[in-house]
Amino acid sequence: MRDREIVERVRDATDLLALVGSAVKLRKQGSAHVGLCPFHAERSPSFQVVPGRGFYHCFGCGKHGDAFAWLMEREGMSFPEALEQLARAAGIDLPQRRERPSAEVDLETRMRSALDAAQAFFEAQLARHEGARAYLRNRGYEGAFLAEAGFGMALDAWDALVNHLRGLNFSGELLEQTGLASRSERGTQIDFLRNRLTIPIHDARGRIVAFGGRIMGEGQPKYLNTRDTPLFHKGNTLFGFHRAKGAMRDGALVVEGYFDVLQLHQHGIHQAVAPLGTALTEDHLKALGRFTRRVILCFDGDSAGRRAMEKSLRMALPLGFEVRLLELPQGEDPDTWCLKLGGEAFRDLLRAAPDWTAFMVDRAMEGKDLRRISDRMGAFKDLLDFLPYLPRTTETRDLFSSLAHQLQVPIQELDRAVKGRQAPIQATEEAPAQAPVLPQMDELIRSLLLLCASGQWRRVQEAPPAWWESLDGAPLLQALLDAEGDSSLLPEGVVACLRHLEAQASRQDEAGRDAEALFVKLEGRYVDRELQANNRLLQDPSTVVDQALMNRVMARQNDLLARQKELSRRRRGLR
C-alpha cells in the first residue's frame with residue numbers, strides 16, 4: 001500500500017469530531033460543530049469542525065487543518081508521530097518506516113525505559129522515608145495527588161540508584177546519557193540526585209524525560225534538575241505542561257517553580273506551568289501559543305519576582321500574546337498563597353488580574369517624584385519598552401494623552417518615541433484591538449460569498465460542493481450556507497469577514513457579477529482539476545498493468561473532455 005493511501009485510510013478512520021471535542025466544547029450548527037477557538041482567546045465562538053469534510057477552521061485566527069494538523073499543532077508532534085498515533089487509535093497497522101536510524105530509535109527506547117525504572121525506584125524509596133513524607137504533608141500534599149504528582153525520594157547515598165539500575169541490565173553509559181548518573185572526582189559513577197525529594201519532569205506527551213530534586217535539609221542548590229539530554233532541554237520544556245495543555249481555555253498561568261505548579265494543580269488550577277530553572281524563553285511561549293494566546297504571569301512578591309515578570313513580558317508581547325500580570329504579596333509565592341487562600345479564592349485573583357498596561361504604568365510611576373525632570377524621564381524610558389505593543393485604538397490615545405500630561409511631554413514627542421521602537425503593530429487609529437484575520441481566498445469563493453450576501457444563497461447551495469470545497473476560503477462559504485443566509489447564526493469572525501468583503505465589493509462595483517457566468521467558470525475549474533487527477537492515474541504504473549482499471553479511467557477521461565468542450569461552448573454563448 002502506498003504512503004498516500006495509508007494516510008487517507010487513517011484520515012478516513014479518524015473521528016475528527018471526537019478528537020477535537022476532547023479539548024473543545026462544541027455544539028452543532030448546520031453541518032458544522034462550533035465552539036470557542038483553542039488557539040486564541042475569544043468570547044464568542046469563531047471555531048468550527050466540519051466532520052463530513054474532515055477539517056477544522058477558525059474564522060478569528062485563521063487556524064485550519066485536519067486530524068494530523070490538529071495533533072501536530074496541539075501536541076507538537078511531527079507528521080510521522082501524528083500518523084502513528086491516529087493509526088494506533090484506529091487499529092491500523094503501519095508498514096515499517098526507516099525515517100530514523102534504528103540505533104537512534106533503540107537508544108531513545110532504552111533511555112525512556114531507564115527513566116521509568118528510576119521513577120519506580122524513587123517512588124519505592126519515598127514509601128519507606130517518613131521524613132520526606134512528613135515534609136510533603138507540611139507543604140499540603142497528601143492523598144491521591146502524591147501518586148499523581150509522582151513524588152519520590154533519592155537516597156542519601158552515593159550510588160543507590162546506579163546499582164539498582166545496573167542490576168536491571170542498564171549500562172553505565174546509558175545512565176549518564178539519561179542524566180541519572182555522573183562521575184565523582186575519582187572517576188567512579190555516582191547518582192546525580194542524592195538526598196533529594198524527586199519530582200518527574202514530563203514532555204508534552206506525558207512521558208518522563210528528566211527529574212527535579214529538592215534537597216532534604218540544608219544545602220545548595222536547593223533545587224536541581226538532571227542535565228540536558230537528547231530527550232530533555234530546559235529551554236523548551238515547561239514543567240506541568242502535559243497536564244496544563246488541555247486546561248488553557250482561560251489562558252496559561254506561568255509561575256516560577258515545581259511546587260507552585262503542583263500546589264495549583266492540586267487545587268484544580270490546571271493551567272499552571274513553570275520554566276525549569278531558566279527564564280521564560282521564546283520556545284516556551286511558542287509551545288503555549290499552540291493552545292492559547294492569553295498568558296497570566298504570576299511571580300513571587302519580591303524584587304526578583306518583579307524583574308522576572310518584566311523580562312517575561314518583554315518576551316511575550318512581541319509574539320502577540322494578551323498578557324495579564326498577577327503580583328502576590330511580599331514574601332508569598334503561588335504555592336504558599338494558594339494554600340492559604342484555597343483554590344476558589346486563587347481563581348478569583350486570576351479572574352481579576354489586571355491587564356499588563358495598567359500594571360506597568362503604575363510600576364513605572366512608583367516611587368518617582370514627577371515634579372523632577374530626571375524622575376519623569378526615568379518613567380518615560382521604562383514605559384518605552386512596552387508602549388509600542390499597545391493596539392492603536394481610541395483607548396490607547398486616551399492613555400497616551402494622560403501619560404503625556406503626567407510626564408509633561410508633548411504628545412507628539414511621545415508618539416515619535418513609540419514609533420521609533422518599530423513595534424509590529426499594524427492596526428489603524430480607530431481599528432478594533434483584534435481585527436479579523438481574513439483567510440486566503442480564491443476569487444471564485446469570494447464571488448460566491450458575495451452572491452450569498454446578495455440573497456442568492458439557495459442558488460449557491462444547489463451547486464455540488466465538490467466544485468468549490470477544495471478552494472481556498474471554502475470554510476467561510478460553508479459557514480454561510482449552514483446558516484442559510486441568517487447572519488445571526490454566524491460566528492462573529494465570519495460576520496466581520498463578510499462585511500469586509502461587501503465593503504470591498506461596493507468600492508469595486510463587483511456585487512452585481514453575473515451568476516450564470518460564475519457557475520460556468522466554477523464548474524470549468526472543477527473539470528480541469530479532475531482532468532489533472534485523471535491524467536496522473538493514467539500515468540500510474542498500477543493503472544497501466546490493470547486493463548479493467550485502465551478502461552474505467554479512459555472512460556472517465558472521455559466524459560471529462562466532453563464536459564470541458566460543452567462548458568467552453570456555454571462560456572462563448574454568455575459573452
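The first residue of the sequence shown is numbered 1, and numbering continues consecutively from there.
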**Student:** Is the side chain of Q119 donor-acceptor paired with the backbone N or O of G150 at a distance under 3.5 Å, no angle test?
**Tutor:**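 Yes, Q119 side chain to G150 backbone: donor-acceptor pair under 3.5 Å.
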**Student:** Under 3.5 Å, side chain of N535 to main-chain N/O of L531, donor-acceptor pair present?
**Tutor:**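 Yes; judged by distance alone, with no hydrogens or angles, the pair exists.
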**Student:** Using a strict 4.0 Å threshold on nitrogen-to-oxygen distance, state whether R205 and E84 make a salt bridge.
**Tutor:**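 A salt bridge is absent here (no side-chain N lies under 4.0 Å from a carboxylate O).
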**Student:** Do the ring planes of H64 and H57 sit parallel (below 30°), tilted (30 to 60°) or perpendicular (above 60°)?
**Tutor:**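 Judged by the thresholds at 30° and 60°, the geometry between H64 and H57 is perpendicular.
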**Student:** Tell me every residue that passes side chain to side chain donor-acceptor pair (under 3.5 Å) with D116, counting only those two or more places apart in sequence or in another chain.
**Tutor:**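 For D116 there are no side chain to side chain donor-acceptor pair (under 3.5 Å) partners, ignoring immediate neighbours.
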**Student:** Between D203 (side chain only) and T237 (backbone N and O only), is there a donor and an acceptor less than 3.5 Å apart?
**Tutor:**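 Not at all, since once roles are kept as given, no pair shorter than 3.5 Å links the two residues.
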**Student:** Can we call the ring centroids of F291 and F241 under 6.0 Å apart?
**Tutor:**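 Yes, the ring of F291 comes within the 6.0 Å limit of the ring of F241, centre to centre.
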**Student:** Do the side chain of N551 and the main chain of A548 share a donor and acceptor less than 3.5 angstrom apart?
**Tutor:**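 Side chain of N551 to backbone of A548: no pair is present.
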**Student:** Are F211 and F192 close enough that their ring centers fall under 6.0 Å?
**Tutor:**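 Ring-ring flag for F211/F192: false, centres at least 6.0 Å apart.
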**Student:** Got a sec, which residues hit side chain to side chain donor-acceptor pair (under 3.5 Å) with R552, two or more places apart in sequence or on another chain?
**Tutor:**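 Residues passing side chain to side chain donor-acceptor pair (under 3.5 Å) with R552: none at all.
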**Student:** Return yes if some donor-acceptor pair links the side-chain N/O of H284 with the main-chain N/O of G235 below 3.5 Å, else return no.
**Tutor:**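 Looks like yes, one N/O pair under 3.5 Å.
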**Student:** Examine the side chains of Q85 and E81 and answer whether a donor and an acceptor come within less than 3.5 Å of each other.
**Tutor:**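 The answer is no; no qualifying pair exists.
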**Student:** Sub-3.5 Å donor-acceptor pair from the side chain of T14 to the main-chain atoms of L16, do we have one?
**Tutor:**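 Not confirmed, T14 side chain does not pair with L16 backbone.
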**Student:** Is there a donor-acceptor pair under 3.5 Å between the side chain of S447 and the backbone N or O of E443?
**Tutor:**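 Checked: pair present.
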**Student:** So which atom in G343 and which in I269 form the shortest heavy-atom distance, rounded to 0.1 Å?
**Tutor:**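 Of all heavy-atom pairs spanning G343 and I269, the closest is O-CD1, 3.8 Å.
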**Student:** Passes side chain to side chain contact (heavy atoms under 4.5 Å, CB included), L448 versus F519? Steps please.
**Tutor:** CA-CA 9 Å; L448 291 170; F519 285 109; 3.9 Å; yes
**Student:** Should the pair W70 and Y56 be assigned to parallel (<30°), tilted (30 to 60°) or perpendicular (>60°) ring geometry?
**Tutor:**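 Because their plane-to-plane angle is over 60°, the rings of W70 and Y56 count as perpendicular.
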**Student:** I would like to know whether Q564 and D528 meet side-chain hydrogen bond (donor to acceptor under 3.5 Å, both in side chains); could you show each step before the answer?
**Tutor:** CA-CA 8 Å; Q564 188 182 58; D528 290 344; 3.0 Å; yes
**Student:** Between L262 and I199, is a side chain to side chain contact (heavy atoms under 4.5 Å, CB included) present by the stated rule, with each step listed?
**Tutor:** CA-CA 10 Å; L262 292 171; I199 304 161; 4.1 Å; yes
**Student:** Any donor-acceptor pair under 3.5 Å linking the side chain of R214 with the backbone of L197?
**Tutor:**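 Checking the backbone N and O of L197 against the side chain of R214, no donor-acceptor pair under 3.5 Å is found.
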**Student:** Is H33 reaching over with its side chain to a backbone N or O of Q29, donor-acceptor style, under 3.5 angstrom?
**Tutor:**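 No, because the side chain of H33 does not come within donor-acceptor range (under 3.5 Å) of the backbone of Q29.
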**Student:** I'd like to know if the side chain of H265 pairs up with that of H270 as donor and acceptor (distance under 3.5 Å, no hydrogens or angles considered).
**Tutor:**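 Their side chains do not contain a donor-acceptor pair, so the 3.5 Å distance test is not met.
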